[in-house]
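Okay, structure first, notes after.
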There are 4 protein chains.
Amino acid sequence: MQSRTPASRTGRPRSVAADTAILAATRAALVELGWSKLTLGDVATRAGVAKTTLYRRWAGKNELVVDAVAELFDELRLPDRGSLAADIEGVVLQFAAILARPEAKSGLMAVVAESTRDEALRERIRTSIVDRQKRLVLEGRSRAQARGELPPETDPAESARTVDLIFDMVAGAVVHRTLVSAEPADEDWVRSFTRVLLLGLTPSS
Amino acid sequence: MQSRTPASRTGRPRSVAADTAILAATRAALVELGWSKLTLGDVATRAGVAKTTLYRRWAGKNELVVDAVAELFDELRLPDRGSLAADIEGVVLQFAAILARPEAKSGLMAVVAESTRDEALRERIRTSIVDRQKRLVLEGRSRAQARGELPPETDPAESARTVDLIFDMVAGAVVHRTLVSAEPADEDWVRSFTRVLLLGLTPSS
Amino acid sequence: MQSRTPASRTGRPRSVAADTAILAATRAALVELGWSKLTLGDVATRAGVAKTTLYRRWAGKNELVVDAVAELFDELRLPDRGSLAADIEGVVLQFAAILARPEAKSGLMAVVAESTRDEALRERIRTSIVDRQKRLVLEGRSRAQARGELPPETDPAESARTVDLIFDMVAGAVVHRTLVSAEPADEDWVRSFTRVLLLGLTPSS
Amino acid sequence: MQSRTPASRTGRPRSVAADTAILAATRAALVELGWSKLTLGDVATRAGVAKTTLYRRWAGKNELVVDAVAELFDELRLPDRGSLAADIEGVVLQFAAILARPEAKSGLMAVVAESTRDEALRERIRTSIVDRQKRLVLEGRSRAQARGELPPETDPAESARTVDLIFDMVAGAVVHRTLVSAEPADEDWVRSFTRVLLLGLTPSS
DNA sequence: TCGTAACCGAGACGGTACGTCGAGTCTTACG
DNA sequence: CGTAAGACTCGACGTACCGTCTCGGTTACGA
């Protein structure tokens with residue numbers, strides 16, 4: 001993920017186990033210490049690895065945490081619950097569940113904050129986390145279109161804008177609910193939210 | 001804001017000018033350096049103040065930045081543009097404008113990230129920033145009710161839940177758009193967003 | 001001691017009790033904390049006095065400690081034990097007893113160390129402590145001359161040099177024994193030392 | 001001198017050049033600033049070394065200065081001038097010359113003062129400075145015995161006490177002359193002092 | 001008797017140095 | 001060449017005292 005095939009032919013090959021151990025150690029440290037008290041020296045110690053090894057693979061704390069957190073979101077799945085509303089509720093609940101975990105809370109917002117002054121970091125976040133999950137919105141829409149719940153899109157540009165809007169609304173609301181309001185994004189809340197969102201998007205129904 | 005009227009009668013009184021200078025210097029440093037490279041020593045120097053003076057008034061970087069950023073949001077006003085939709089658009093645009101400023105971007109997300117592991121800090125954020133702006137939602141609703149655009153609320157508990165939901169949706173979407181998607185929350189986007197939001201909330205119209 | 005009659009006629013006069021309290025507090029702090037950990041703020045607190053009051057009377061830590069320690073040496077007396085040797089032993093034992101007290105040990109060497117770079121401080125030490133005790137050597141000599149143990153001096157310059165030499169040898173040996181060798185300057189040691197000194201000074205006997 | 005062969009096999013070895021540079025920088029700072037204005041940060045800068053490196057090797061200002069000053073006394077040599085009196089004069093003059101240097105004056109008394117409250121420090125001073133120079137007294141005595149100027153000692157305990165007494169008298173007198181009386185321990189003074197000392201020790205002659 | 005000038009306590013102020021910690025780099029010996 | 005170990009430079013941390021200042025309030029003289 002962080003190494004772009006350095007294409008080194010000779011010498012001792014990099015330990016593959018190390019990557020796994022480091023990312024796991026990073027998440028463990030995030031849980032115990034949070035972003036600001038997490039130190040790379042500590043992560044290296046937890047992973048049973050020298051600091052040098054860590055720096056050879058990641059440029060710094062930000063990059064490391066992005067990768068460590070990104071893995072958490074890969075377990076998101078779009079369940080087939082029979083209706084668009086139910087599908088959305090399902091995936092939003094999963095998203096909320098991940099965000100409730102301390103390693104996600106603590107790490108995600110911090111790297112987003114850092115990314116406001118670091119274009120490369122923002123790009124890495126978008127590539128590794130955000131865009132990767134937009135597939136859920138696309139998948140959900142085509143499934144709803146297949147069911148006849150939504151009309152097929154006509155204008156592709158307008159369509160892309162809508163996907164982005166939906167993504168901002170969903171992710172933003174859950175994040176704000178969880179981190180700022182510090183209230184659980186539980187089933188009741190998700191149902192209310194989904195209702196407003198769907199009504200807003202499909203005024204006809 | 002940080003001092004709860006210590007009411008000490010004797011001794012040299014605290015300089016009131018220092019508070020102002022420190023908060024201004026904090027914002028300036030946020031603009032130039034961003035959260036992670038902002039140091040309290042530097043802020044003190046910019047403010048023409050000793051580090052000890054700063055520490056006498058704020059417990060640390062987090063608390064200082066919360067207060068510095070909070071002042072930015074106090075300039076939010078609910079404009080009377082004649083209709084609910086226009087009013088919402090107006091205030092969301094103002095909110096987006098503030099969030100577009102680097103001192104807000106850089107600082108706000110960082111303290112939110114820190115607050116996931118610091119209950120007192122979260123409380124401070126809520127008191128100083130979030131709750132203080134919920135007035136806008138309430139004001140907007142009563143104005144819309146006076147205009148007849150919205151029915152008077154009946155269930156006060158349900159009503160509070162709705163206010164919270166709206167706030168999470170508005171603030172969340174704008175924040176996500178601005179910081180994560182890194183796209184401007186311009187008039188077009190605000191119009192689209194407001195349309196979805198209003199339709200979702202008032203399905204009858 | 002520190003005030004050279006400032007000749008202020010009007011206004012509230014300085015509290016005389018404060019001086020006593022401050023010097024006593026200084027010695028107490030020297031006993032408990034030693035020179036390096038003694039702080040003027042702490043002395044002021046112990047003396048029940050504001051820091052300002054203390055600074056109004058002494059220029060700093062060095063000057064304060066010199067005065068506090070000087071008082072200790074004023075209790076030195078030349079006992080009349082019947083012979084020159086016995087007289088010397090008596091006064092050396094007294095000197096050793098004072099130097100054994102922690103407030104003297106801790107403070108005296110420190111101000112001497114400081115005085116190597118501060119001519120005014122050295123002068124103050126000499127005036128307040130050293131020269132004031134040279135009377136003992138002079139007194140002892142005239143008493144021994146009266147007894148016929150020593151011949152009357154002839155060359156006054158030579159005589160002054162001898163007084164200085166004796167003083168350096170006595171004070172130096174006791175200080176070195178006490179502080180550097182960290183052995184007690186007890187009766188046995190004082191007797192050995194006095195014997196060598198007297199033999200060296202009166203070779204005829 | 002400060003490291004007792006930690007015998008760590010792995011890792012980057014400590015820079016040997018750093019020790020030398022730090023001790024030299026310490027002496028330079030003592031000359032320029034004196035003990036009380038010497039700061040470890042400044043020493044580190046002068047030595048071209050980070051503060052952490054300094055703290056990794058010495059526990060604090062006291063320990064560092066003891067080592068820096070100790071090196072000064074290692075250049076003491078017992079010259080063979082043909083007679084006991086001349087030998088003593090020679091070594092006392094050397095001792096006085098070292099003590100006249102500002103880095104010795106300023107540092108030595110200060111650490112002695114500190115050592116009154118720090119047993120470990122006193123031990124370090126004794127090991128590094130005092131005991132190391134007692135060899136001069138022993139050497140001088142055996143040389144004098146070989147010449148027939150002194151009888152061979154009979155009682156070893158008495159002999160050790162005498163060595164200590166001589167050392168306290170020599171070191172004490174020179175220190176007191178130099179630092180307290182602030183007069184130069186020049187040839188005249190050393191001759192007078194040596195005469196008294198030798199007469200006191202060898203009354204027969 | 002009353003002003004006033006110097007005192008007093010308290011404590012905030014601008015500074016300087018402290019000793020520690022983490023970041024990120026470099027230098028060893030070993031695999 | 002990768003790796004573990006650990007020393008390295010650098011810079012910020014938060015604390016402690018320094019010596020100064022600014023308050024409100026308190027004496028004691030002298031007009």
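Residue numbers begin at 1 in each chain, while the letters A, B, ... track the order of the sequences. Every heavy atom of this structure was used, including side-chain atoms; hydrogens, water molecules and symmetry mates were not.
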Partner set under side chain to side chain donor-acceptor pair (under 3.5 Å) for C/Ser36, not counting sequence neighbours: D/Glu114

Atom-to-atom span, [atom1] of [X] to [atom2] of [N] - whole angstrom:
| X | N | atom1 | atom2 | result |
| --- | --- | --- | --- | --- |
| B/Trp58 | F/dC13 | CH2 | P | 15 Å |
| C/Leu64 | F/dC17 | CG | C1' | 15 Å |
| C/Arg12 | E/dA6 | CZ | C1' | 9 Å |
| A/Tyr55 | E/dT27 | OH | C1' | 17 Å |
| B/Arg9 | F/dT26 | CZ | P | 14 Å |
| B/Asp19 | E/dA12 | CG | P | 13 Å |
| A/Asn62 | E/dG24 | CG | C1' | 14 Å |

Interface with DNA chain F, restricted to residues 35-46 of chain C and to heavy atoms under 4.0 Å: C/Thr39, C/Leu40, C/Gly41

Scan [X] against the nucleic acid and name what it touches under 4.0 Å (heavy atoms): base, sugar-phosphate only, or nothing.
| X | value |
| --- | --- |
| B/Gly48 | sugar-phosphate |
| B/Thr52 | base |
| B/Thr53 | sugar-phosphate |

OP1, OP2 of [N] versus side-chain N and O of [X]: anything below 4.0 Å?
| X | N | result |
| --- | --- | --- |
| B/Arg56 | E/dC13 | yes |
| A/Arg57 | F/dT3 | yes |
| C/Arg14 | E/dC7 | yes |

Nearest-0.5 Å distance, CZ of residue B/Arg27 to CG of residue B/Leu38: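 Answer rounded to 0.5 Å: 12.5 Å.
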
Check salt bridge (charged side-chain N to carboxylate O under 4.0 Å, His left out) between [X] and all other residues, then give those that pass, not counting sequence neighbours.
| X | answer |
| --- | --- |
| D/Glu103 | D/Arg101 |
| C/Arg12 | none |
| D/Arg117 | none |
| A/Arg46 | A/Glu32, A/Asp42 |

Residue whose closest nucleotide on DNA chain F lies nearer the 5' end, B/Ala59 versus D/Pro13: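 Closest to the 5' end, via its nearest nucleotide, is D/Pro13.
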
Pairwise 5' ranking along DNA chain F for D/Gly11 and B/Gly11, keeping only the more 5' one: D/Gly11

Stepwise side-chain contact (heavy atoms from CB on, under 4.5 Å) test for D/Leu108 and D/Ile129: CA-CA 10 Å; D/Leu108 188 60; D/Ile129 305 183; 4.0 Å; yes

Earlier contact from the 5' end, DNA chain E, for C/Ser15 and D/Lys51: C/Ser15

5′-ward residue of the pair B/Thr10/D/Lys61 relative to DNA chain E: B/Thr10

